[in-house]
**Q** 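Input: one structure, supplied below.
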Protein chains: 2
Amino acid sequence: MRILVVEDDVNLNRQLSDALKESGYVVDQAFDGEEGHYLGDTEPYDAVILDIGLPVMDGITVVEKWRAGGKGMPVLMLTARDRWSDKVAGIDAGADDYVAKPFHVEEVLARVRALIRRAAGHSSSEIVCGPVRLDTKASKASVEGVALKLTSHEFRLLSYLMHHMGQVVSRTELVEHMYDQDFDRDSNTIEVFVGRLRKKLGVDLIETVRGLGYRMQAPNDAR
Amino acid sequence: MRILVVEDDVNLNRQLSDALKESGYVVDQAFDGEEGHYLGDTEPYDAVILDIGLPVMDGITVVEKWRAGGKGMPVLMLTARDRWSDKVAGIDAGADDYVAKPFHVEEVLARVRALIRRAAGHSSSEIVCGPVRLDTKASKASVEGVALKLTSHEFRLLSYLMHHMGQVVSRTELVEHMYDQDFDRDSNTIEVFVGRLRKKLGVDLIETVRGLGYRMQAPNDAR
DNA sequence: GTCTTCGACCACCAGAATGCGCATGCACCG
DNA sequence: CGGTGCATGCGCATTCTGGTGGTCGAAGAC
């Protein structure tokens, strides 16, 4: 984890940086807004600690510029205890949190931990199988980068197959997971959907295992 | 967006709730830890404001129980100004942020905004989707720079969709976040509002995913 | 061992039926 | 009087059904 500390008070900066290093982080330091902005723009940080009152360029502007440029790393602002309007401005500019000066170093550490923990929670939910990508969160599928237009049952089928990649999935298993409760088993709906799905996918990834069911698998695997 | 306020001081609770409602949120109230915990456990909130000192069950315990049960919604803690050790404990228990009492309501609002937009993965106070802009700070929306005149429910709908851009949002999910507690789910209200919103937007950004729900997305997205 | 035959299983088609989503209009409430 | 909630009916995408023809595999005949 790499952290940037932007603070013009040399003493305070060192104090923070030392505590962070002691907690196992890698720390870079900056002492004015421009230097801080440049570093945050070019280096990949997991979190930034940013004073609001800085020489050359103030903290709010720095955050705004980062956000406008698409930088999304968590930013912890340091503000004067009584300037609550600054806090509101900072937060609305895109800061994720702030601590009022004077603060306990302990507290800053806890907040940095929280920020990093929270930022880590945004992993996208994607399953990939050969050229096929499935985004479960967006309910979208694509082949070779081209979005597929699937109906909800087709999507559920693909989803179940991809969640059990490599396994043979029986027809009854599919029925039970695609429909609620009782469903007439004596019909070939599943086969029909497999057929439609195969056609839409274009690629031949759904293997049929005669007498057992279907299996989805990346093509280049030997077994 | 639906918010839970857990605060035993009746006056303060009402003050917060009123301010939140005025900002366009749907608000539920609780006045002790147990009631708060139960509500947060059973209803889907987009954020929770939680006092740390509560009757029956204290705030820290409430958060811990939620987190242990897998509840991940953002929690904003209210603490006494000088009990900084409480803050550290609260954050490590899983709270996302805190505000020290006494606070400016303005500040709480800013932090709630920040929490919600961060939970959705956005870093600045403006969310943009194609020609549509949503200003969470000012509660305003515009298309191609022209301000939209939306009713409060229309705005809430648009807001929720844009906070979950790219995701398919089910009708029940929308109902749960746009209304408080009891609401007749067997009606086509959502469909009607989607229709009205589409008409006002003019652009066709709200895609309907048959059988699943709705999805908001910039049209030119390839993945 | 190889070929043939037979039965089971599966893919595909196209029409039929379902039910979802939308627009419209009206009632209610502040 | 605008904002909101609900009922009706229509259109159509989606799903289901039944039938037909094809494919695979096993078992028996040679």
**Q** To the side chain of Glu191(A), which of dG5(D), dG21(C), dA11(C) is closest?
**A**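 From the listed options, dA11(C) comes nearest.
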**Q** Ignoring backbone atoms, establish whether Lys199(A) has a side-chain N or O less than 4.0 Å from OP1 or OP2 of dC13(C).
**A** yes
**Q** Can you check whether Lys71(A)'s main-chain N or O pairs, donor with acceptor, with Arg67(A)'s side chain at less than 3.5 Å?
**A**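 Side chain of Arg67(A) to backbone of Lys71(A), a donor-acceptor pair under 3.5 Å: yes, one is there.
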**Q** May I have the distance from Glu207(B) (atom CD) to dA13(D) (atom C1'), rounded to whole angstrom?
**A** 14 Å
**Q** Quick one: on DNA chain C, does Val209(A) or Tyr214(B) contact a more 5' nucleotide (nearest heavy atom)?
**A** Val209(A)
**Q** Do the side-chain N or O atoms of Thr208(A) get closer than 4.0 angstrom to the phosphate oxygens (OP1, OP2) of dC9(C)?
**A** no
**Q** Atom CE of Met178(B) and atom C1' of dT4(D): how far apart are they, to the nearest Å?
**A**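 Rounded to the whole Å, the gap is 11 Å.
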**Q** What's the CD-P distance between Glu154(A) and dT15(D), to the nearest Å?
**A**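 It works out to 6 Å between those atoms.
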**Q** I need the CG-P distance between Leu197(A) and dT15(D), as an integer number of Å.
**A** 12 Å
**Q** Between dA8(C) atom C1' and Leu212(A) atom CG, what is the distance in whole Å?
**A**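 So the CG-C1' distance, Leu212(A) to dA8(C), works out to 14 Å.
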**Q** Please work out whether the ring planes of His37(B) and Trp66(B) are parallel, tilted or perpendicular, with thresholds of 30° and 60°.
**A** parallel
**Q** When you check the gap from the basic side-chain N to the acidic O, do Asp41(A) and Lys65(A) get nearer than 4.0 Å?
**A**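 Salt bridge: no.
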**Q** Looking at Arg210(A) and dG7(C), is any side-chain donor or acceptor paired with a base atom of the opposite kind under 3.5 Å?
**A**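 A donor-acceptor contact between them is absent.
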**Q** More than 12 heavy atoms of other residues, nucleotides or ligands under 6.0 Å from CZ of Arg133(B): is that the case?
**A**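 Count not over threshold, so no.
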**Q** What's the CG-P distance between Asp204(B) and dC22(C), to the nearest Å?
**A**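 It works out to 10 Å between those atoms.
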**Q** Is the distance from OP1 or OP2 of dT4(D) to the nearest side-chain N or O of Arg196(B) less than 4.0 Å?
**A** no
**Q** If you apply the rule side-chain contact (heavy atoms from CB on, under 4.5 Å), what do you find for His164(B) with Met216(B), and how did you get there?
**A** CA-CA 8 Å; His164(B) 297 81; Met216(B) 180 136 197; over 6 Å; no
**Q** Between the base of dG5(D) and the side chain of Asn188(B), is one N or O donor paired with an acceptor at under 3.5 angstrom?
**A**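 Side chain to base: no pair present.
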**Q** Grab the CZ-P distance between Phe193(B) and dC22(C) for me, whole Å please.
**A** 15 Å
**Q** Reckon Thr189(B) has a side-chain N or O less than 4.0 Å from the OP1 or OP2 of dC6(D)?
**A** yes
**Q** Rounded to whole angstroms, how far apart are CD1 on Ile190(B) and P on dG21(C)?
**A** 12 Å
**Q** Return whichever of Ser152(A) or Val192(B) has its heavy-atom-nearest nucleotide of DNA chain D closer to the 5' end.
**A**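 First, find each residue's nearest nucleotide; the 5'-ward one identifies Val192(B).
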**Q** Please determine whether a side-chain nitrogen or oxygen atom of Thr151(B) lies at a distance below 4.0 Å from atom OP1 or OP2 of dT4(D).
**A**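 Answer yes for this pair, as a side-chain N or O of Thr151(B) is under 4.0 Å from OP1 or OP2.
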